[in-house]
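Written below as structure tokens is the structure these notes are about.
In what follows, chains carry the letters A, B, and so on, assigned in the order in which the sequence lines appear, proteins first and then strands, with residues in each chain numbered from 1.
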Amino acid sequence: GLEETVCTAKLRVNIGSSPSPDIYNPQAGRINTVTSLDLPVLRWLKLSAEHGSLRKNALIVPHYNRNANSVIYALKGRARLQVVNCNGNTVFDGELEAGRALTVPQNYAVAAKSLSERFTYVAFKTNDRDGIARLAGTSSVINDLPLDVVAATFNLQRNEARQLKSNNPFKLLVPPRESEKRASA
Amino acid sequence: SQQNECQLERLDALEPDNRIESEGGLIETWNPNNRQFRCAGVALSRVTLQRNALRRPYYSNAPQEIYIQQGNGYFGVVFPGCPETFEEPQESEQRERRRYRDSHQKVNRFREGDIIAVPTGNVLWMYNDQDTPVIAISLTDTGSSNNQLDQIPRRFYLAGNQEQEFLRYQREQGGKQEQENDGNNIFSGFKRDFLEDALNVNRHIVDRLQGRNEDEEKGAIVKVKGGLSIITPPERQRGSRQEEDEDEKEERQPSRRRDESQKGESRRHGDN
């Protein structure tokens with residue numbers, strides 16, 4: 001019966017040391033998510049989670065959670081985070097270090113850059129099928145707009161709009177620049 | 001929400017009470033703090049787009065339903081993570097190497113009487129390519145479970161530094177003083193170096209993105225000089241067999257709208 005199904009529901013999944021991350025770039029880091037697709041009981045709870053690990057100077061491009069609030073808890077290392085509200089105001093521009101938590105409300109834009117060799121975090125999200133929208137890089141919302149709409153929207157020449165649409169080949173995690181890599185070595 | 005919000009003894013038919021003019025049109029809003037709207041958990045606005053006016057892309061913290069009262073034009077709703085399914089056609093291989101081929105997500109045509117559904121957090125833009133002004137009534141369902149913020153409708157603009165249509169009520173609600181940067185776009189709060197790294201573009205483009213250029217006071221609706229060139233299939237006229245046949249031919253090869261676009265025809269590949 002139904003109660004037996006509920007009683008034996010799978011309640012555990014490991015995202016901290018998963019050998020198969022959802023997003024991976026050896027030079028930038030990895031991100032793993034658990035949603036109700038991975039752990040069906042989360043559909044009931046309407047929650048999901050994300051675990052991320054960033055290399056030094058790697059960047060998570062500006063993005064926002066479409067349908068969830070998010071609480072980011074730093075596990076290891078430190079990173080610089082910026083969060084922007086709907087008025088374009090910077091509501092957080094600072095370091096997040098191990099043991100601290102930062103709330104990022106739904107639709108607020110956030111970006112992060114790792115300041116230590118390895119910045120690791122877990123983010124709790126208040127939707128079991130959370131989705132993010134990227135504001136930069138491949139498959140970002142800018143990429144998904146027609147070229148002329150981008151040019152008119154940002155008051156750019158068409159060749160500048162092209163650069164905006166195509167210059168960053170990365171999706172979410174951007175590796176450090178060569179100069180930053182050399183400096184940290 | 002406050003108690004007894006829906007204990008309404010009297011209802012009123014309301015007109016919009018706030019008006020923001022832009023270079024290419026007008027946005028009017030009804031006060032979402034009015035008890036009627038608070039009870040229903042919705043916010044209402046009315047947008048007027050003049051010819052060649054583009055409503056700059058924005059997203060909202062709640063789902064929207066838009067009714068087109070008058071006019072017709074183009075709109076796009078960006079579904080984050082979905083593929084760009086509208087592509088410019090290929091030209092000869094030599095020219096192809098040099099030329100940038102644009103691609104983007106689906107673009108739709110709207111006309112009078114249409115309802116447009118916009119999911120929470122999805123980016124919307126609209127454009128009027130006709131002489132008749134477009135008038136669109138938009139309802140934002142702030143009481144939806146998809147909105148995990150408070151009941152204030154919020155617009156997150158990707159560009160410009162215009163006043164937000166619901167910002168005034170946000171201030172009233174929170175008793176908050178006007179901040180120096182209020183009315184800027186979602187990129188303007190990031191530091192330049194973050195954006196330069198994230199987008200891999202120069203400072204000039206970042207400044208434009210952040211609305212720092214001097215002439216950046218055109219508002220949420222801008223005029224597009226010479227009109228937009230968008231990849232769309234030709235519009236179908238009902239009842240015309242010949243045109244339908246032509247459409248069918250063209251639909252296999254969406255072409256870029258404008259003279260320049262008509263020149264090239266795709267090379268057909270027989271390879272697998």
Worksheet item: Is it the side chain or the backbone of Val149(A) that comes within 4.5 Å of chain B heavy atoms, both, or neither?
Response: both

Worksheet item: Heavy-atom distance under 4.5 Å between the side chains of Leu209(B) and Leu164(A), does that happen here?
Response: yes

Worksheet item: Of the non-hydrogen atoms in Leu147(A) and Asp102(B), which two are nearest, and what is the gap between them?
Response: N-OD2, 2.8 Å

Fill in: Residue pair Asn107(A) / Asn61(B): nearest heavy atoms and the distance that separates them
OD1-CA, 3.1 Å

Practice prompt. Describe, in one word, how the ring planes of Tyr59(B) and Tyr64(A) are oriented to each other, choosing from parallel (under 30°), tilted (30 to 60°) and perpendicular (over 60°).
Written response: parallel

Practice prompt. Over all heavy atoms of both residues, which pair between Ala198(B) and Ala136(A) is shortest? Give the atoms and the distance, please.
Written response: O-CB, 3.8 Å

Response to the item:
Of the listed Val174(A), Thr126(A), Asp93(A), the one with the largest count of heavy-atom pairs under 4.5 Å with chain B is Thr126(A)

Worksheet entry | When Lys46(A), Gln163(A), Arg162(A) are compared by non-hydrogen pairs under 4.5 Å with chain B, the top option | Arg162(A)

Worksheet, complete the sentence: Correct closest heavy-atom pair for Pro62(A) and Leu195(B) would be CG-CD2, 3.9 Å

Item to complete: Among Asp144(A), Asn143(A), Val141(A), find the residue that satisfies the side-chain contact (heavy atoms from CB on, under 4.5 Å) test when tested with Gln105(B).
Response: Asp144(A)

Fill in: Under 4.5 Å from a heavy atom of chain B, the part of Ala58(A) involved
neither

Discussion item. As an exercise: rank Arg134(A), Lys113(A), Lys165(A) by heavy-atom pairs under 4.5 Å with chain B and give me the winner.
Written reply: Lys165(A)

Worksheet item: How close do Ile186(B) and Ala109(A) get, heavy atom to heavy atom, and via which atoms?
Response: CG1-CB, 3.5 Å

Worksheet item: What residue in Val61(A), Asn69(A), Asn67(A), Ile60(A) has the most heavy-atom pairs under 4.5 Å with chain B?
Response: Asn69(A)

Fill in: Arg56(B) CZ to Leu145(A) CG distance, which is reported to the nearest 0.5 Å
12.5 Å

Worksheet entry | Option in Pro105(A), Ala111(A), Ala133(A) with maximal non-hydrogen atom pairs under 4.5 Å from chain B | Ala111(A)

Practice prompt. Please flag which part of Asn65(A) lies under 4.5 Å from any non-hydrogen atom of chain B: side chain, backbone, both or neither.
Written response: neither

Item to complete: Counting only heavy atoms closer than 4.5 Å, note whether Val107(B) contacts chain A via side chain, backbone, both or neither.
Response: side chain

Discussion item. Under a 4.5 Å cutoff for heavy-atom pairs, which residue among Phe156(B), Tyr157(B), Tyr58(B), Tyr127(B) has the most contacts with chain A?
Written reply: Phe156(B)

Item to complete: Among the options Lys223(B), Arg55(B), Gln210(B), His204(B), pick out the one with the most heavy-atom pairs lying under 4.5 Å from chain A.
Response: His204(B)

Practice prompt. Sort Ser166(A) into side chain, backbone, both or neither according to what part of it lies under 4.5 angstrom from a heavy atom of chain B.
Written response: side chain

Worksheet item: So which part of Thr85(B) gets closer than 4.5 Å to some heavy atom of chain A, the side chain, the backbone, both or neither?
Response: neither

Fill in: Proximity breakdown for Lys106(B) and chain A, heavy-atom pairs closer than 4.5 Å
neither

Worksheet item: Which atoms of Ile132(A) come close to chain B, meaning under 4.5 Å heavy atom to heavy atom: side chain ones, backbone ones, both, or neither?
Response: backbone

Worksheet item: Are any of the side-chain heavy atoms of Leu135(A) and Leu158(B) separated by less than 4.5 Å?
Response: yes

Worksheet item: Knowing that exactly one of Asn146(B), Asn122(B), Thr120(B) qualifies, which makes a side chain to side chain donor-acceptor pair (under 3.5 Å) with Arg66(A)?
Response: Asn122(B)

Worksheet item: What part of Asp150(B) gets closer than 4.5 Å to chain A, counting heavy atoms only: side chain, backbone, both or neither?
Response: neither

